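Labels below follow one simple rule: chain letters A, B, ... track the order of the sequence lines, proteins then strands, and each chain is numbered from 1. Quick caveat, the model's predicted, so the values are computed rather than measured.
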Amino acid sequence: MARILITSALPYINGIKHLGNLVGSMLPSDVYARFQRQRGHDVLFLCATDEHGTPAELAARSAGQTVRDYCAEQHDIQAKAGKAFGLSFDHFGRSSNAPNHQLTQHFAKVLEDNGLIEERVEKQVYSVDDQRFLPDRYVEGECPNCGYEKARGDQCDNCGRLLDPTDLKNPYSAISGSKNVELRETRHLYLLQAQLQDEIAEWVEAHPGWPQLTKSIAKKWLKEGLRDRSITRDLQWGIPVAYEGEKRAGFENKVFYVWFDAPIEYIGVTQEWALANDDVSDTEWKRWWRTDKGAEDIRYVQVMGKDNVAFHTVSFPATILGSREPWKTVDTLKSLNWLTWYGGKFSTSENRGIFMDQALELLPPDNWRWHLMANAPESDDASFTLEHFALVVNKDLADVLGNFVNRITRFCKARFGEEVPAAGEYGEDERGLIATLQKSVSAYTEYMEQMEFRKAFAELRGIWVAGNEYLQVAAPWTTIKTDEAKAAASVRCALNLIVLFAVLSRPVIPFTAEKMFAIFGLNDAEAGWPDDIAAALNRFKGGEAFIPPDVLFAKIEDEQIEEWRQKFGAED
RNA sequence: GGCGGGGUAGCUCAGUUGGUGAGAGCGCCGGAUUCAUAACCCGGAGGUCGGCAGUUCAAAUCUGCCCCCCGCUACCA
């Protein structure tokens with residue numbers, strides 16, 4: 001039994017996440033965590049809301065709330081939505097909680113002790129009316145290159161020119177529109193990443209198994225050369241620059257930059273998890289993170305969208321390695337591309353796309369889980385359309401899987417009654433089926449191990465199809481006329497298949513798997529993972545009672561699709 | 001602009017140490033079947049593998065140039 005630590009990239013706090021965010025990290029990590037738990041491994045699966053930074057402050061302001069209340073409320077909303085989607089986090093924490101505060105202070109301290117942090121003074125745009133320094137993209141003005149009037153301080157959206165906020169003509173605050181802005185000096189802490197260049201490059205090289213996308217992004221940053229990075233910001237909401245409660249002189253109104261503290265929350269949430277389980281000793285969480293305290297054999301898996309890769313392959317490792325302390329670093333890093341909404345971006349402000357809460361108002365979680373994972377954006381950005389979604393759900397879930405369960409349970413009830421028939425022996429058809437499944441289950445398992453989700457679920461779908469093929473050939477509705485024992489054996493085999501399908505499908509469609517187990521009065525928590533298909537198909541010997549279920553998946557009708565298209569801003 | 005990813009059947013996508021007639025699912029057409037959610041099962045049609053040029057006995061695969069889409073570009077996260 002291996003010990004596997006799995007973390008999903010942390011969803012940002014400013015509102016409920018859309019389907020693209022879901023499939024970008026939280027859902028694939030959940031599927032993998034569920035799979036590894038069923039495999040019998042000791043899994044710790046963690047996630048948290050990422051709560052600091054300018055967008056949180058602004059979102060709170062526009063909601064008319066204090067940022068503290070806003071975050072608390074939004075955390076609750078995201079936690080509920082995640083639970084409703086079946087995300088099986090062992091703990092869903094908050095980057096604003098105490099453990100992360102302590103850890104972030106700790107890392108800043110040891111990095112400074114190691115000579116990797118220094119103070120630097122720089123000039124930055126300050127908005128007098130907003131009483132705050134403005135991050136580059138919150139300064140707007142006229143582009144010096146093309147004259148576009150709403151160019152952002154980091155880049156002009158019109159001509160694409162990269163800018164410095166001081167380049168802008170007639171700059172104004174994007175927050176309030178105020179033109180009362182000026183350059184002010186401000187003091188920040190810099191993490192001297194350049195000194196860690198070789199060390200991080202070596203660490204990256206030591207992980208040849210990372211996906212192509214992950215490696216190329218990491219190597220690109222290293223090739224360009226790591227730059228020292230400012231790790232503090234002029235904000236109120238965040239982790240104060242104050243070691244052990246002692247505020248640092250000149251940093252009274254500053255906090256650590258959200259990208260400095262957010263990855264540290266992976267460790268913080270592990271402490272939160274331990275505390276939630278009444279372990280205050282510090283020993284339990286360290287078993288997952290400190291290689292000198294029992295974490296030397298941990299396999300650590302991170303899952304994230306491609307925008308997060310640089311921070312996980314370069315920035316966070318700089319923090320960890322620079323501490324000179326024996327922290328566990330990531331072993332396997334799965335990165336995904338974007339899911340697009342009809343080829344364009346999901347957008348809250350323009351009401352384009354479906355968000356997690358809305359999705360569940362339309363259909364149960366497994367419909368979404370299946371489609372998103374079977375079509376996960378692994379090799380490239382993938383397009384989500386309602387039409388494709390309906391097609392996939394109707395075909396894979398309703399016609400192939402749902403119908404299989406329905407047809408055999410109904411047939412059995414009609415001809416043999418509501419218990420597994422005991423007569424007859426397995427013959428050629430069953431041996432053929434077992435041989436087929438032995439291969440495809442093995443392939444499916446391997447794809448899941450590799451986190452090749454599209455391939456895995458194409459294989460799983462093939463396994464469901466094999467059930468229908470088997471029934472077609474065995475045709476108990478025909479054989480029962482001449483050989484009732486043979487028909488009984490076929491039905492018994494098919495009923496056993498339902499349980500096998502439930503076990504194999506559980507990582508991706510857990511709610512449906514539970515229903516399938518319930519047909520036979522089984523508890524899905526007992527699900528393991530089948531190595532021996534013949535044994536799995538001999539689980540029921542005959543005589544076991546069952547209750548034919550309602551239809552597992554209703555079909556999506558064209559009228560529904562049209563209605564949703566209108567509601568969610570679908571285009572062509 | 002720079003860097004990275006991608007452009008393969010109507011749709012969504014597999015497919016690189018270059019080599020048996022280019023694949024899957026869906027959709028479409030046909031057949032078979034009737035246990036089942038007009039479901040399942042079998043078969044078929046359908047592609048100048050973004051464009052041009054080159055290397056090679058042989059290119060979806062390697063090289064060069066070009067076109068298009070997406071992402072990142074360190075103070076959005």
Query raised in the report: Within the pair A:Y257 and B:rA77, is there a side-chain N or O less than 4.0 Å away from OP1 or OP2?
Result: yes

How far, in whole Å, is [M] from [N] if one measures between their [atom1] atoms?
{"N": "B:rC49", "M": "B:rC70", "atom1": "P", "value": "24 Å"}
{"N": "B:rA77", "M": "B:rA60", "atom1": "P", "value": "47 Å"}
{"N": "B:rA74", "M": "B:rG2", "atom1": "C1'", "value": "14 Å"}
{"N": "B:rG51", "M": "B:rA39", "atom1": "P", "value": "37 Å"}
{"N": "B:rG21", "M": "B:rG47", "atom1": "C1'", "value": "14 Å"}
{"N": "B:rG54", "M": "B:rA9", "atom1": "C1'", "value": "28 Å"}
{"N": "B:rC65", "M": "B:rU20", "atom1": "P", "value": "29 Å"}
{"N": "B:rC13", "M": "B:rG6", "atom1": "P", "value": "13 Å"}

Identify which nucleotide among [options] has an atom closest to any side-chain atom of [X], counting heavy atoms from C-beta outward.
{"X": "A:P55", "options": "B:rU37, B:rC76, B:rC41", "answer": "B:rC76"}
{"X": "A:K306", "options": "B:rC76, B:rG71, B:rA77", "answer": "B:rG71"}
{"X": "A:R454", "options": "B:rC13, B:rA39, B:rA74", "answer": "B:rC13"}
{"X": "A:R137", "options": "B:rU37, B:rC76, B:rA74", "answer": "B:rC76"}
{"X": "A:E469", "options": "B:rU37, B:rC42, B:rU12", "answer": "B:rC42"}
{"X": "A:W221", "options": "B:rU73, B:rA77, B:rU37", "answer": "B:rU73"}
{"X": "A:D50", "options": "B:rA77, B:rG27, B:rU12", "answer": "B:rA77"}
{"X": "A:E224", "options": "B:rC35, B:rC76, B:rA74", "answer": "B:rA74"}
{"X": "A:L391", "options": "B:rA74, B:rC26, B:rU37", "answer": "B:rC26"}
{"X": "A:F411", "options": "B:rC41, B:rC35, B:rU37", "answer": "B:rC35"}

Query raised in the report: Looking only at atom types and distance, does a side-chain atom of A:R492 sit under 3.5 Å from a main-chain N or O of A:G424, one as donor and one as acceptor?
Result: yes

Whole Å only: how far is the [atom1] atom of [X] from the [atom2] atom of [N]?
{"X": "A:W477", "N": "B:rC35", "atom1": "CH2", "atom2": "P", "value": "8 Å"}
{"X": "A:L339", "N": "B:rC13", "atom1": "CG", "atom2": "C1'", "value": "14 Å"}
{"X": "A:R410", "N": "B:rC35", "atom1": "CZ", "atom2": "P", "value": "12 Å"}
{"X": "A:Y447", "N": "B:rC13", "atom1": "OH", "atom2": "P", "value": "18 Å"}
{"X": "A:H388", "N": "B:rC26", "atom1": "NE2", "atom2": "C1'", "value": "7 Å"}
{"X": "A:E387", "N": "B:rG27", "atom1": "CD", "atom2": "P", "value": "14 Å"}
{"X": "A:K395", "N": "B:rA38", "atom1": "NZ", "atom2": "P", "value": "12 Å"}
{"X": "A:D307", "N": "B:rU73", "atom1": "CG", "atom2": "C1'", "value": "13 Å"}

Query raised in the report: Who does B:rC29 pair with, Watson-Crick or G-U, both distances under 3.5 Å?
Result: B:rG43

Report task. Counting Watson-Crick and G-U wobble pairs only, both distances under 3.5 Å, name the nucleotide matched with B:rG21, or none. Result -> none

Query raised in the report: What about A:F404 and A:F501, are their ring centers closer than 6.0 Å?
Result: yes

Query raised in the report: Is the gap between the ring centers of A:F384 and A:H371 under 6.0 Å?
Result: yes

Query raised in the report: Does any pair with a residue in residues 183-192 of chain A pass side-chain hydrogen bond (donor to acceptor under 3.5 Å, both in side chains), and if so which ones, sequence neighbours excluded?
Result: A:E119-A:R187, A:E122-A:Y190, A:E182-A:R184, A:T186-A:D234, A:T186-A:K254, A:H188-A:T232, A:H188-A:D234

**Report entry** Polar pair under 3.5 Å, donor/acceptor by atom type, side chain A:R229, base B:rA74
**Finding:** no

Query raised in the report: Per the atom types in the model, does the base of B:rA36 pair as donor or acceptor with the side chain of A:N403 at under 3.5 Å?
Result: yes

Query raised in the report: With a non-hydrogen cut-off below 4.0 angstrom, is A:R461 in contact with a base, only sugar-phosphate, or nothing?
Result: sugar-phosphate

**Report entry** 5' precedence on RNA chain B between A:C412 and A:R233 (nearest-nucleotide basis)
**Finding:** A:C412

Report summary line: Residue pair A:T478/A:S383 against RNA chain B: nearer the 5' end by closest nucleotide is A:S383

**Report entry** Partners meeting salt bridge (charged side-chain N to carboxylate O under 4.0 Å, His left out) with A:K17 (sequence neighbours left out)
**Finding:** none

Report task. For residues A:D429 and A:Y470, determine if any side-chain heavy atom of one lies less than 4.5 Å from a side-chain heavy atom of the other. Result -> yes

**Report entry** salt bridge (Lys or Arg N to Asp or Glu O under 4.0 Å) evaluation trace for A:D154 with A:R152
**Finding:** CA-CA 5 Å; A:D154 54 349; A:R152 293 190 323 231; 3.0 Å; yes

Query raised in the report: What do the steps show when you test A:Y12 against A:Q74 for side chain to side chain donor-acceptor pair (under 3.5 Å), and what is the final call?
Result: CA-CA 10 Å; A:Y12 196 65; A:Q74 291 298 321; over 6 Å; no

